[in-house]
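I have placed the structure first, in the form of structure tokens, so that the comments after it can refer back to it.
The first residue in the sequence is number 1, and the count goes up from there.
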Amino acid sequence: MEPSSVTRQGAELDSDLAEILDGLSRPQKFVSPKFFYDQRGSELFDAITEQPEYYPTQTELGIMQANIAEIRTAMGAEASLIEFGSGSSYKTRFLLEQLPDLACYVPVDISEDFLLAIADGLAKDFPKLEILPVVADFTREFELPSPTKMPAKNVVYFPGSTIGNFMPDAAMALLRVMRAAAKAGGALLIGVDLKKDKARLEAAYNDAAGVTADFNLNLLLRLNREFEADFDVEAFEHRAIYNETLGRIEMHLVSRQAQTVYFGTDHRFDFQEGEYILSECSHKYAVEEFGEMVARAGFEVANVWVDAENLFSVQFCIAV
């Protein structure tokens, strides 16, 4: 999981409602994880990253800190760093601090207000770096800005194991968009969560403090508040399991009883006891498996850095 702040009004709100209703109408009820991130959801996600069971955030940062000299060499001088789904993450700040000769930094996000606020803050902290924010849906090809200094190469940056939140076909489509942005001779610097012991994975998404449970259930509170639903949040419970066959963590919102949920007066959804809403999938990859995947998108893995426990990887892939 990885946050992406999104503000929607008017027609976009109607579009979101249509998407939610469609997902809940399927044989396996589903709500996109993008709806996790209202203000409370974003705060809860930040708290998740601080839980002792949740290894990805600190492990990825540790890998970058331990290997920053090699990362700097792989990127080379005068690169354009293009971050898909940019945020206020200190991993990005760390990277900017360690790459003083970047040609420019291009943060890409769908939420204009959020993006411009982050870009403004970074501009104050990095006054010598040209920062060119782009408001776009990064899952589709978009036009890159023209920097003052022509970059030697484009390096797409996608930290946080967010690639795992995409279903395999969607992940492939996104990697191809990244290949288009990197262009020939460019590269991709990406965080990839690795397959590992089931108990370790499930503990990361079922922390003892219950923060991930609150994060998952907050989705229902948001649906009530913004989309006129009437979920009884107490009648649902959080569950996260590792589906070994599909190689992914699944987050479920499980109905504790038979019940009916309404959206306004026009839409109703019946739940049986034990029936669940699939609220997120987080795919895990073996190093070789991910290498084969990016190869189909037009990249070649050049460097793989992992932690001592082989929990997580940071990979540098060259556009071929």
Side-chain angles (χ1 to χ4, degrees), residues 1-4 30-37 41-42 45-46 48-49 51 53-64 83-87 89 91-92 108 138-139 156-179 188-207 212 215-216 219 238-252 278-297 299 301 304-307 309-317:
M1 60 184 90
E2 189 76 5
S4 176
F30 169 79
V31 175
S32 169
K34 71 184 182 184
F35 295 110
F36 278 135
Y37 299 103
S42 296
F45 179 80
D46 287 343
I48 287 171
T49 65
Q51 300 309 304
E53 300 94 337
Y54 191 74
Y55 61 85
T57 302
Q58 291 303 322
T59 303
E60 182 179 22
L61 180 60
I63 292 170
M64 292 175 63
E83 183 172 6
F84 278 39
S86 57
S89 171
K91 285 176 290 190
T92 301
V108 184
F138 65 76
T139 65
V156 174
Y157 182 44
F158 200 49
S161 72
T162 309
I163 191 66
N165 294 139
F166 291 80
M167 295 299 184
D169 287 349
M172 276 301 306
L174 176 57
L175 287 169
R176 291 190 173 108
V177 172
M178 292 175 170
R179 172 59 182 80
L188 167 66
L189 181 65
I190 187 168
V192 182
D193 201 4
L194 301 177
K195 289 183 174 177
K196 60 185 70 66
D197 178 70
K198 178 180 180 179
R200 184 68 178 267
L201 278 168
E202 291 188 346
Y205 294 82
N206 292 285
D207 58 274
T212 307
F215 173 76
N216 201 10
L219 173 63
H238 161 77
R239 179 174 68 198
I241 61 168
Y242 182 55
N243 184 325
E244 293 186 81
T245 302
L246 298 177
R248 70 189 191 191
I249 283 283
E250 295 181 1
M251 296 252 287
H252 299 168
L278 179 63
S279 55
E280 182 176 66
C281 292
S282 183
H283 295 79
K284 314 302 176 184
Y285 295 96
V287 170
E288 299 79 7
E289 184 181 17
F290 190 75
E292 293 171 0
M293 185 173 173
V294 294
R296 295 197 300 273
F299 288 102
V301 178
V304 179
W305 300 282
V306 299
D307 59 288
E309 295 183 81
N310 209 41
L311 299 175
F312 197 94
S313 69
V314 174
Q315 305 195 25
F316 189 79
C317 310

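A heavy-atom distance below 4.5 Å is found between the side chains of Asp193 and Tyr55. Between Val177 and Thr139 there is no side-chain heavy-atom pair separated by less than 4.5 Å. The closest side-chain heavy-atom distance from Val304 to Val192 is not below 4.5 Å. Leu188 is listed as a side-chain neighbour of Leu175, based on a closest heavy-atom distance under 4.5 Å. In this structure, the side chains of Ser161 and Glu60 stay at 4.5 Å or more apart for every pair of heavy atoms. Taking the side chain as every heavy atom from C-beta outward, Lys91 and Tyr157 approach each other to under 4.5 Å. Looking only at side-chain heavy atoms (C-beta outward), Gln315 and Phe299 stay at 4.5 Å or farther from each other. Taking 4.5 Å as the limit, some side-chain heavy atom of Tyr242 sits within range of a side-chain heavy atom of Lys195.
Between atom CD1 of residue Ile48 and atom OH of residue Tyr54 there is a gap of 7.0 Å, rounded to the nearest 0.5 Å. Residue Leu311 holds its CG atom at 8.0 Å from CD1 of Ile63, rounded to the nearest 0.5 Å. In this structure, Arg248 CZ and Leu201 CG are separated by 14.0 Å, a value rounded to the nearest 0.5 Å. Summarising the geometry, atom NZ belonging to Lys196 is positioned 8.5 Å from atom CG belonging to Asn310; distances are rounded to the nearest 0.5 Å. Between the CZ atom of Phe35 and the CG atom of Leu219 there is a distance of 9.0 Å, given to the nearest 0.5 Å.
Closest approach of Glu289 to Lys284, counting heavy atoms only: OE1-O, 4.2 Å. Of all heavy-atom pairs spanning Cys317 and Val301, the tightest one is SG-CG2, 3.9 Å. Scanning all heavy atoms of the two residues, the minimum distance from Leu174 to Phe138 falls at CD1-O, 3.5 Å. Ala171 approaches Tyr285 most closely through the heavy-atom pair CB-OH, 4.4 Å. Heavy-atom minimum distance, Pro168 versus Met293: O-CE, 4.3 Å. Here the shortest heavy-atom pairing between Leu194 and Ser313 reads CD2-OG, 3.6 Å.
The backbone N or O of Asp46 lies less than 3.5 Å from a partner atom in the side chain of Thr49, making a donor-acceptor pair. Counting only distance, with no hydrogens or angles, the side chain of Asn165 and the backbone of Cys281 share a donor-acceptor pair below 3.5 Å. Judged by distance alone, the side chain of Lys34 and the main-chain N or O of Ser32 form no donor-acceptor pair under 3.5 Å. Using a distance-only test at 3.5 Å, with no hydrogens or angles considered, a donor-acceptor pair links the side chain of Asp307 to the main chain of Phe312. Under a 3.5 Å cut-off, the side chain of His238 and the backbone N or O of Tyr205 do form a donor-acceptor pair.
With sequence neighbours excluded, the residues forming a side chain to side chain contact (heavy atoms under 4.5 Å, CB included) with Asp197 are Ala199, Arg200, listed by chain and number. Among residues two or more places apart in sequence or in another chain, the side chain to side chain contact (heavy atoms under 4.5 Å, CB included) test is passed with Asp207 by Gln51, Glu53, Ala209, Val211, Thr212. Applying the side chain to side chain contact (heavy atoms under 4.5 Å, CB included) criterion to Ile241, with sequence neighbours excluded, gives Glu202, Arg239, Glu250, His252.
Looking at Ser279 and Asn216, their side chains do bring a donor and an acceptor atom within 3.5 Å of each other.
Between Phe215 and Tyr37, the ring center distance clears the sub-6.0 Å criterion.
Phe84 and Phe158 have perpendicular rings, their planes meeting at more than 60° on a 0 to 90° scale where under 30° would count as parallel.
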